[in-house]
Structures are given as structure tokens and as C-alpha cells.
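Note that the structure is predicted; figures quoted are calculated from it, not measured.
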Amino acid sequence: MAFQGKKLINNPNDVVTEFIEGLVETYQGLQYLDGFPEVKVVLRAEVSGATYDKVAVISGGGSGHEPAQAGYVGEGLLTASICGDVFASPTVDSILAGIRAVTGPMGCLLVVTNYTGDRLNFGLAAEQARSEGYKIETVIVGDDCALPKSQGIAGRRGLAGTILVNKVAGAVAAAGLSLADVASEARRASEVVGTMGVALSVCTLPGQVTSDRLGPGKMELGLGIHGEPGAAVADLQPVDVVVTHVLKQILESNYIPITRGNRVVLMINGLGATPVMELMIAAGKTVPKLQLEFGLLVERVYTGSFMTSLDMKGFSISIMKVDQTLLQHLDASTKAPHWPVGSAGNRPPAKIPVPLPSSRSMKSDELLSRPLQLTEQGHILEVAIEAAANAIINMRDILNDWDSTVGDGDCGSTMYKGATAILDDMKKYYPLNNAAETVNEIGSSVRRAMGGTSGVLYTIFCKAAYAQLKANSDSTVTAKQWAEALEAAIAAVSKYGGASTGYRTLLDALIPALAVLKERLTSGEDSCTSFVLSSEAAVAGAGSTKDMQAQVAGRSSYVSAAILATVPDPGAMAAAAWYRAAALAVKDKFHPSFNSSINKSES
């Protein structure tokens with residue numbers, strides 16, 4: 001029977017902000033940005049991005065896993081932690097605020113757990129930060145060894161091994177090494193750590209009922225830290241038996257390169273409601289098994305609650321292969337309170353203002369507003385944007401119909417919101433005579449108006465294109481430069497979304513379009529004809545998604561092949577529609593002048 005979970009809280013909606021307030025009151029070395037409830041960032045009190053002379057290390061994710069990650073903010077570990085709502089990825093704006101607050105000239109490393117929301121939001125924030133001039137590197141941690149290797153793109157989940165990766169990164173950064181060195185060591189650590197958990201109960205979210213999914217006398221092996229179902233449900237066994245099963249799964253899964261004779265560190269991690277006594281029992285049984293049964297030298301043992309799942313009963317085991325260098329990083333001094341360390345020193349103010357993006361504040365009003373008079377290329381850009389947006393608006397219902405078959409039925413409505421926002425903002429804000437800044441503003445419109453994965457992906461698309469166009473010092477953008485911007489945008493979407501050709505996504509329309517565009521331009525075809533021919537390739541590529549079954553991404557990955565074969569991918573069809581509409585509008589209205597303008601700038 002399900003029943004209301006008991007929690008010592010106030011309003012369930014305020015649990016994250018009130019946790020941050022209590023954390024900062026407890027530890028004098030921490031502060032938070034004064035941006036509640038949208039911006040929830042914990043940072044080192046002594047660090048200011050303007051003067052910080054070391055690489056900043058930032059991690060974060062959904063809340064509910066405390067002390068991760070805010071409890072690991074401190075000298076020698078994290079510079080800042082970005083907190084989302086309970087089990088929800090932090091927003092892009094919150095991540096950007098953290099980057100701006102602590103990142104100096106040495107740059108910033110983002111350590112991200114491998115969940116789609118975290119990858120996308122941290123990825124978009126990284127692209128935006130790069131466009132503002134920050135040096136950014138990203139390391140994705142997926143240490144889960146519970147589930148078999150799949151053909152999908154989601155990959156291994158990020159679990160408690162992330163804490164060890166953060167510690168390595170923080171130690172290297174504290175030693176004053178470069179961003180490339182910090183990222184390299186963190187990435188190396190992420191590749192040699194594996195984790196698997198076992199739970200006796202699921203967790204209870206604040207304000208919600210407690211699930212009875214696991215009945216009396218049952219345990220779940222390999223479940224996720226958000227309560228997702230695991231690899232198997234079994235009868236409760238003595239901890240000796242449980243430990244043996246977990247160790248075999250980690251060490252015999254071929255996920256991590258550990259063999260007899262290797263040196264390792266061990267982490268026994270409580271999931272939130274496991275007594276210290278039981279964690280110590282698990283640790284005491286695990287160490288001799290590693291030594292005697294698997295022939296490993298256990299160099300360090302970390303036992304405690306490091307990455308929890310609210311009030312879940314259970315524990316996870318993480319094993320990291322180490323050499324002397326990694327061991328030194330793990331042993332390096334840190335003041336992060338939950339590694340743990342003491343909390344001495346003077347107490348600074350608890351909160352500081354949220355920093356504004358310096359690059360935007362320095363832009364003139366003229367650059368961020370619609371010009372009084374458009375240049376020839378400004379007119380072309382206006383016509384293309386208007387046609388593309390109207391094409392999406394007119395497709396709202398059919399996109400929703402397709403998406404109701406393979407997704408949640410809101411693709412058309414989501415795209416409609418973005419398209420209408422673009423049309424409204426173009427009338428007032430878009431600096432159409434500046435192509436790069438216009439693309440950047442389109443991304444801002446999309447980020448504000450569009451929700452879901454589509455909104456994040458299209459914002460990443462625009463930000464990556466903007467960064468590529470911004471590198472061009474000329475006011476007029478050539479056809480080749482537009483192609484390069486499209487290529488950069490596609491690469492960014494593929495990088496952070498994980499898809500490529502054949503996954504039933506918008507890339508199935510855009511990748512063929514890019515190939516034809518580059519081919520035609522290289523062969524000497526005029527710019528407008530190349531654009532139109534590439535749009536035909538986009539339409540063909542989107543249509544082909546109806547026959548794709550082998551590789552899928554997003555919600556389509558959960559839909560049977562028989563159902564997928566009935567409709568094309570709505571995201572791909574939407575991308576083909578706006579691309580095709582833009583090409584035809586330019587051809588119909590500006591064909592001679594378009595080629596003249598583009599070719600003149602290329603000569």
C-alpha cells in the first residue's frame with residue numbers, strides 16, 4: 001500500500017533552497033548566489049572569477065543526492081556546485097551563473113553525470129560560455145556497471161564514482177595545472193571507475209507518497225539514483241552474498257580495465273537511509289573479497305554517504321583502478337566539508353549577487369536592436385527567417401499528430417512556441433544586418449520560449465553556429481561561411497545530444513543538407529541553387545526516417561519498430577520544413593541579388 005512519506009520539511013517546493021541556506025550557515029567557507037529560486041549555485045567564498053588564477057572545477061545536477069555535489073565545494077575539490085530541483089537537471093542560466101562567478105583566465109572544467117538532461121543543459125551552458133570568451137572543457141562521467149551494454153546512445157549512468165573523479169580534478173586544479181591537464185586527468189579517472197548499487201527500498205520525493213514497488217523481503221540490484229528500476233529484483237540476501245554479486249558485476253563486466261595485481265580504491269556509498277553500521281559491515285566484507293578472491297591491492301577505503309537518493313535504503317560499491325599519480329590526487333588536501341573536513345575560519349556574508357554576462361553588457365543598443373535600414377543581406381536574412389518560422393507555425397498540428405505516435409504529442413506545439421517567439425522578437429530585437437548576432441538572438445528566443453529537449457537542442461544549434469560566424473571579421477557572410485556555421489551547429493547537436501545519421505532526429509534532415517550544400521558550393525554551383533538543392537536533400541532525409549529502425553534516440557527509442565514505421569520523425573520533418581522554406585523564399589525573392597551579394601563577398 002502506498003502512503004504519504006514522512007519528511008522533516010516545510011514547503012516541498014522549497015527543499016533545495018532551504019538546504020543550500022542551511023549548508024552555507026553550517027560551513028563558513030561556502031556562499032551561494034543570490035538568485036533563488038531560479039539560480040541555485042553554491043561556491044567557494046574566497047573565489048572570484050575576475051581574479052581566480054586556477055582552473056575552476058564545477059559539477060552539479062539534480063538535488064536529492066546530498067551531500068553531492070554541494071557538499072564537495074571547497075579548496076582542493078569543487079569550486080562551485082550547480083543545484084537543480086529534486087532529480088531535475090539545473091537550468092542553463094543557473095549553470096552559466098556558476099561559470100561566470102568562479103571562472104578566471106585559466107578556464108573551467110565541467111564534470112557532468114551521464115544523464116540526458118545534464119548533458120544537454122551543461123552542454124548548452126558550455127557553448128554559451130565559450131561564446132562569451134571563457135575557456136571550457138567538459139568531462140562526462142558514466143560509471144554504472146549494472147546494465148548490459150546497449151545499442152542506444154544514452155550510455156552508462158553517472159553514479160557515486162563521479163565523486164572520485166571530482167576529487168582528482170580538484171586536486172589537479174589546486175596544483176595550478178592547465179585546463180587541458182585538469183580535463184585529461186579527470187577523463188582518465190572517469191575511464192577506470194565502476195559502480196553498482198543495491199537497494200532495499202525506493203526513495204520518497206518530498207510531498208509525494210512512498211512507493212511499495214519493492215515488497216517485503218525483496219531487494220533491487222542495479223537501480224538508478226533516481227529510483228529507476230534496476231537490472232533485477234531478488235530475494236533479500238546476507239550482505240556477504242550481495243557484495244560478492246556486485247563485485248563480480250563490476251569487475252567482470254568489461255567496463256573497466258581492472259585485472260589481478262592492480263591497485264584500487266574502494267568506495268562504499270550509502271544511498272540515504274542506510275545506517276553507518278550496515279555500511280561498515282559492507283566495507284568490512286568487501287575489502288577481503290577484493291584482496292583474496294580478485295587479487296587486488298586495496299589502497300584506500302571511503303565509507304559513508306557520498307551520493308544518495310533521498311531516503312533510499314541500500315548502498316553502492318565503486319572501484320577505481322589507481323596508479324601513484326591518481327592516488328596522490330585522491331590524497332591531496334581539501335577543505336570540502338563532506339570529503340569530510342573541518343569548518344574553521346571567519347564567516348563571510350552568506351550570499352553575493354548573481355553576476356551578469358560581461359559580453360552582453362558591453363554590446364551597444366544598436367547591435368541588439370533591429371536596424372532602421374536593412375542592408376541587402378539583412379533583407380535576405382529577414383525573408384529566410386520569416387519563411388522558416390511560418391513553415392513551422394503551419395505544421396503545428398501535423399507535427400503533434402506524428403509525435404503522438406512516437407513521442408508525447410507536443411513537438412508541433414513546442415516548435416510553434418519557438419517560431420512565434422522568433423517572429424515577434426525579429427520585429428524588435430534582431431540586428432539583421434549582423435548575421436552572427438542575429439543567429440545568437442534566435443538562440444535566445446528559442447531558449448526562452450521552447451521547452452523540452454527540442455528547445456535545448458535548437459539553442460545549442462544556434463549558439464554553435466553563432467560562435468562559428470563570430471570568428472568571421474567581415475560584415476557579410478559568404479556561402480562557404482554559412483556552410484561552416486551549419487556544420488559547427490550539427491556537430492554541437494550531435495556531441496551533446498548523442499545522435500547522428502540514422503537515429504530518427506533532426507540531424508537526419510540537416511546532415512544530408514550539409515553534405516549537398518558543401519558538394520555544390522565546391523563544384524562551383526551558385527549559392528542560391530546550392531541552397532535549394534541542399535533543402536531537397538533535407539526533405540528526403542527527413543522522409544527516410546519512416547524506414548529507420550536500427551538506431552533511434554530520444555523517446556523514439558522506447559517505441560516498437562512497427563509503430564515507428566507508420567510515421568516519419570517529427571523533429572526531422574520540422575527541420576526539413578524550415579530549411580526548405582528558407583531556401584525557397586530566398587530563391588523566389590532574391591535569386592539574382594542573393595548570388596550577387598554572396599559571390600561578391602567571396603571574390
- [ ] Using a strict cut-off of less than 4.0 Å between a Lys/Arg side-chain nitrogen and an Asp/Glu carboxylate oxygen, indicate whether R188 and E191 qualify as a salt bridge.
- [x]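 No, no charged N to carboxylate O under 4.0 Å.
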Q) Between R370 and E382, is the closest basic N to carboxylate O distance under 4.0 Å? A)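 A salt bridge links E382 with R370.
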Just jot down the side-chain hydrogen bond (donor to acceptor under 3.5 Å, both in side chains) partners of [X], sequence neighbours excluded, or say none.
X    : value
Y458 : W578
D425 : S445, R448
K518 : E487
D508 : none

For residues 83-114, which residue pairs qualify under ring-ring contact (aromatic ring centres under 6.0 Å, His included), counting only residues two or more places apart or in two chains?
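Sorted pair list: H65-F87, F87-H226.
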Open item on the list: I'd like to check the ring-ring contact (aromatic ring centres under 6.0 Å, His included) partners of Y579; sequence neighbours left out, ordered by chain and number.
Closed with: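 For Y579 the ring-ring contact (aromatic ring centres under 6.0 Å, His included) partners, ignoring immediate neighbours, are F531.
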Answer with yes or no whether the side chains of [Y] and [X] bring together a donor and an acceptor at under 3.5 Å.
X    : Y    : value
T529 : D526 : yes
N400 : S413 : yes
Y466 : E437 : yes

Any donor-acceptor N/O pair, T414 side chain to M450 backbone, under 3.5 Å: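 No, because the side chain of T414 does not come within donor-acceptor range (under 3.5 Å) of the backbone of M450.
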